[in-house]
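Heads up, the thing below is written out as structure tokens.
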Amino acid sequence: MSDLTTLRQSYLDRIAGAADGDSLEQVRLGALGKKGEISGMMKELGRMTPEERQTRGADLNRLKDEIDAALRARKQGLEDAALDARLKEEWLDVTLPGRPRPQGTIHPVSQVTEEVTAIFADMGFRVAEGPQIESDWFNFDALNIPPEHPARQEHDTFFMARAEGDARPPHVLRTHTSPVQIRAMQETGAPIRVIAPGRVYRMDMDQTHAPMFHQVEGLALGRDISMANLKWTLEEFCRAFFELDEVELRFRASHFPFTEPSAEVDIRCSWEGGKLTLGQGNSWMEILGSGMVHPKVLAAAGVDPEQWQGFAFGMGIDRIAMLKYGIPDLRAFFESDLRWLRHYGFAAGDMPTVSGGLSR
């Protein structure tokens with residue numbers, strides 16, 4: 001026992017005198033490591049008699065547990081002392097405000113889409129959706145677009161490749177959301193009031209055009225719907241969207257294969273000092289196309305043109321976003337510049353409502 005008592009006291013003194021973690025680790029290895037002194041004593045138990053092993057083994061186990069407990073306690077004490085010293089040197093003023101975290105913003109296209117949806121929902125229009133890869137029939141034929149129309153040429157439309165030997169007309173990346181109107185009419189028939197927002201694709205790229213952009217088209221069918229209903233709907237939309245007390249629209253005769261009669265719609269504006277102001281002035285700016293749905297389009301969608309009639313319109317979401325929020329270049333919408341997004345983006349809580357206000 002005397003040798004173990006002396007050994008115990010020796011290691012306890014060395015543990016207590018360890019000044020840092022490295023010194024303490026050296027003491028542990030010297031006592032309990034694979035080649036440690038106490039570990040070596042444990043290996044000698046196999047050469048003892050059962051009686052000696054029973055007594056000596058119990059003493060060695062108690063010594064081992066005591067040394068191990070002392071090592072753990074000293075290690076915790078050293079860590080606590082190091083933390084106390086660090087806290088004294090590195091203090092934190094808890095009264096300071098927290099560091100702000102950068103927050104993402106809602107893209108103007110997404111925000112304007114919600115604004116448009118809110119306005120037309122207030123007028124009784126629901127949102128309809130359809131695929132972005134469309135068949136030739138839905139994108140062109142059902143909309144009374146003839147084979148010789150420029151939109152059906154490769155310089156204007158993205159055509160999908162067909163397997164060799166497949167003679168079917170190729171699918172296309174939809175050039176407008178008008179196919180969604182056909183699908184909606186086929187699904188529910190008339191009467192109907194829908195808007196169809198979504199991505200569309202055309203081969204064009206400059207300051208005001210992009211090969212991928214966003215459109216919203218509207219359709220309303222009923223027994224007695226006329227151009228007067230179309231005019232009122234678009235005036236109310238422009239008044240609400242651009243947040244103007246008064247708005248004046250001009251309908252110019254035009255031609256679209258899917259409407260008859262057709263009209264381009266201009267809004268009164270001014271360009272004083274290089275600044276665009278909507279709702280006043282002596283100038284006009286085109287903002288959308290519209291007209292009464294062509295009877296052939298109704299028939300293609302399974303609606304009897306002798307019983308139903310209605311209007312349709314379409315506008316670029318990116319374009320009206322540029323007009324409302326003063327964005328000069330369409331290409332910036334798709335460049336993912338975080339500086340641009342922080343400037344023109346919207347907070348997540350800026351949900352547009354007609355009663356509560358559409359914009360910030």
Return the [atom1] to [atom2] distance between [X] and [Y], rounded to the nearest 0.5 Å.
X	Y	atom1	atom2	result
K296	N144	NZ	CG	5.0 Å
T157	Y201	OG1	OH	13.5 Å
M227	T259	CE	OG1	8.5 Å
I195	M123	CD1	CE	10.0 Å
I119	C238	CD1	SG	9.0 Å
H171	E134	NE2	CD	7.5 Å

Go through the side-chain N and O atoms of [X] and [Y] and say whether any donor and acceptor fall under 3.5 Å apart.
X	Y	answer
R223	Q307	yes
Q26	D22	no
E37	Y11	yes

### Task
Output, in order, the C-alpha distance, side-chain angles, deciding distance and verdict of ring-ring contact (aromatic ring centres under 6.0 Å, His included) for F346 and Y325.
CA-CA 11 Å; F346 293 79; Y325 294 110; 5.1 Å; yes

Under a 4.0 Å N-O cut-off, is there an ion pair linking [X] with [Y]?
X	Y	result
D59	R62	yes
E44	R56	no
K64	D68	no
E89	R86	no
E243	K324	yes

Is any side-chain heavy atom of [Y] closer than 4.5 Å to one of [X]?
X	Y	value
P169	F159	no
L29	K34	no
M322	L330	yes
I287	L323	yes
I320	F241	yes
V216	T117	no
I317	Q215	no
R183	E187	no

Heavy-atom count around [X] [atom1] within 6.0 Å, excluding the residue itself: above 12?
X	atom1	answer
E25	CD	yes
D20	CG	yes
N282	CG	no
R162	CZ	yes
I133	CD1	no
E286	CD	yes

Taking every non-hydrogen atom, the tightest pair across [X] and [Y]:
X	Y	value
P257	H294	O-CD2, 3.7 Å
A128	V194	CB-CB, 4.2 Å
F251	S290	CE2-OG, 3.9 Å
D245	R239	O-NE, 3.4 Å

Is the ring pair [X]/[Y] parallel, tilted or perpendicular, if the boundaries are 30 and 60 degrees?
X	Y	value
W340	Y344	tilted
H107	F333	tilted
F120	F125	perpendicular

### Query
When you measure from the side chain of R202 to the backbone N and O of M212, does any donor-acceptor pair fall under 3.5 Å?
no

### Query
For A196, which residues count as a side chain to side chain contact (heavy atoms under 4.5 Å, CB included) partner, sequence neighbours excluded?
T177, V180

### Query
Does the side chain to side chain contact (heavy atoms under 4.5 Å, CB included) test come out yes or no for F242 and I267, once each step is laid out?
CA-CA 11 Å; F242 293 112; I267 187 171; 4.2 Å; yes

Same cluster for [X] and [Y] if Ile/Leu/Val/Met/Phe/Trp/Tyr side chains link at under 4.5 Å?
X	Y	value
V116	F213	no
V127	M315	yes
L7	V27	yes

### Query
Under the salt bridge (Lys or Arg N to Asp or Glu O under 4.0 Å) criterion, do E235 and K231 qualify, and how do the steps go?
CA-CA 6 Å; E235 286 178 346; K231 184 174 184 293; 2.5 Å; yes

### For T175, the option from N139, L143, V200 that meets side chain to side chain contact (heavy atoms under 4.5 Å, CB included)
N139

### Task
Report the C-alpha separation of S178 and E217 in whole Å, then their side-chain angles, then the decisive distance to 0.1 Å, and conclude whether the side chain to side chain donor-acceptor pair (under 3.5 Å) test is met.
CA-CA 7 Å; S178 299; E217 299 193 15; 2.4 Å; yes

